[in-house]
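Note: hydrogens, waters and symmetry copies are ignored here, and every other heavy atom, side chains too, is used.
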Amino acid sequence: MADMPFRLPLSACLIALAVLLLVGAAVVWAIGSKLIAVEPRPVALAGPGFEDVVLRAAPDQRVVGSWLPGRDRGVVLLLHGIHGDRRDMAERARFLNGQGYAVLLIDLPGQGASTASFVTFGLREADGVRAALEELRRRVPGQRIGVIGVSLGAASLVLCRDCPPVDAVVLESMYPTIEEAVANRLRMRLGPVGGPLSALLLWQLPLRLGIQPDALHPIKYVGRVKAPVLIASGSADLHTTLAETQRLYEAAAQPKALWVVEGAAHVNLHAYAREEYERRIGAFLAAHLDPVSVADER
């Protein structure tokens, strides 16, 4: 008698599928909890010249930062990435300050020493960016302002609908849409199944944060940035892929520039390619912030 193929009963298959879905949902819920969690901690910047700054951005948002005065060449606001703090931008600050720029580094709301209820992937962090830019207008009236934002910091600037105008913008490793950002990260953690499971993570946004996913589409708003823009990202970045970065660049308004950092993943681009970073970013900011360079252009 020929061996009969073994088949699980339909009920057993359905149970296994339900268990798999429940396990997947639990994993994605835990990932969502981690992504939106605030991690308050004291932050101190070592070195001479740093002055503590405390701003009020919203009722639940106290924004803490550090200020370095410059030599009337312009001022740069530095915005770090998710689950980081202003220490991540300290080497950029020292480089820029050495070039004569005043620098303000802040902990974005819900990061470092700044307070908030949740991480919102740039939407409500924009309140902290607005407060910082208003503080710069007060501190250095008449000086030109640049912004360097990394990942979450970049999105926080682009998603700010009523921020004061600035004169030069560097956007590093910024996601184009929250759907792509979530799918990329889940694929990195869970493999091919991560893409389909991203819908479960996105479903948490309105449930847990009161935010619809389409509010987190920086690519829709990057073209409204009324300043020269330099977009930078690593060629090996799996969080924001090269194709996504190229789409962001295409959506940005002129004047604009694109720098693909060969071989870099979703990392600190200044640390990864320090010499080229300082040359490229230094030249970009000088062209648009330095009073002498701006006067020459006119």
Problem - Ile36 side, atom CD1; Leu205 side, atom CG - distance, nearest 0.5 Å - result: 8.5 Å
Exercise for the section: Decide, yes or no, whether a salt bridge links Arg130 with Glu125 under the criterion of side-chain N to carboxylate O below 4.0 Å. Expected result: no
Handout entry: Gap separating the CG atom of Leu45 from the OG atom of Ser66, nearest 0.5 angstrom
Key = 4.0 Å
Exercise for the section: Determine which pairs satisfy salt bridge (charged side-chain N to carboxylate O under 4.0 Å, His left out) with at least one residue from residues 246-264, sequence neighbours left out, and list them in order. Expected result: Glu180-Arg247
Problem - Same cluster (ILVMFWY, side-chain, under 4.5 Å), Leu242 and Val222 - result: yes
Problem - Residue pairs, two or more places apart or on separate chains, that pass salt bridge (charged side-chain N to carboxylate O under 4.0 Å, His left out) and touch residues 45-58 - result: Glu51-Arg139
Handout entry: From Ile219 atom CD1 to Tyr175 atom OH, the distance as rounded to the nearest 0.5 Å
Key = 12.0 Å
Problem - Arg187-Asn184 side chain donor-acceptor pair, cut-off 3.5 Å - result: yes
Practice task
State whether Arg92 and Glu278 are salt-bridged, where the test is any N-O pair (Lys NZ or Arg NE/NH1/NH2 against Asp/Glu carboxylate O) under 4.0 Å.
Solution key: no
Exercise for the section: Could you tell me if the ring centre of Phe284 sits under 6.0 Å from that of His288? Expected result: yes
Exercise for the section: Count the heavy atoms belonging to other residues, nucleotides or ligands that lie under 6.0 Å from CD of Glu275, then report whether that count exceeds 12. Expected result: no
Exercise for the section: Verify the neighbour count for atom CZ of Phe118: are there more than 12 heavy atoms of other residues, nucleotides or ligands below 6.0 Å? Expected result: no
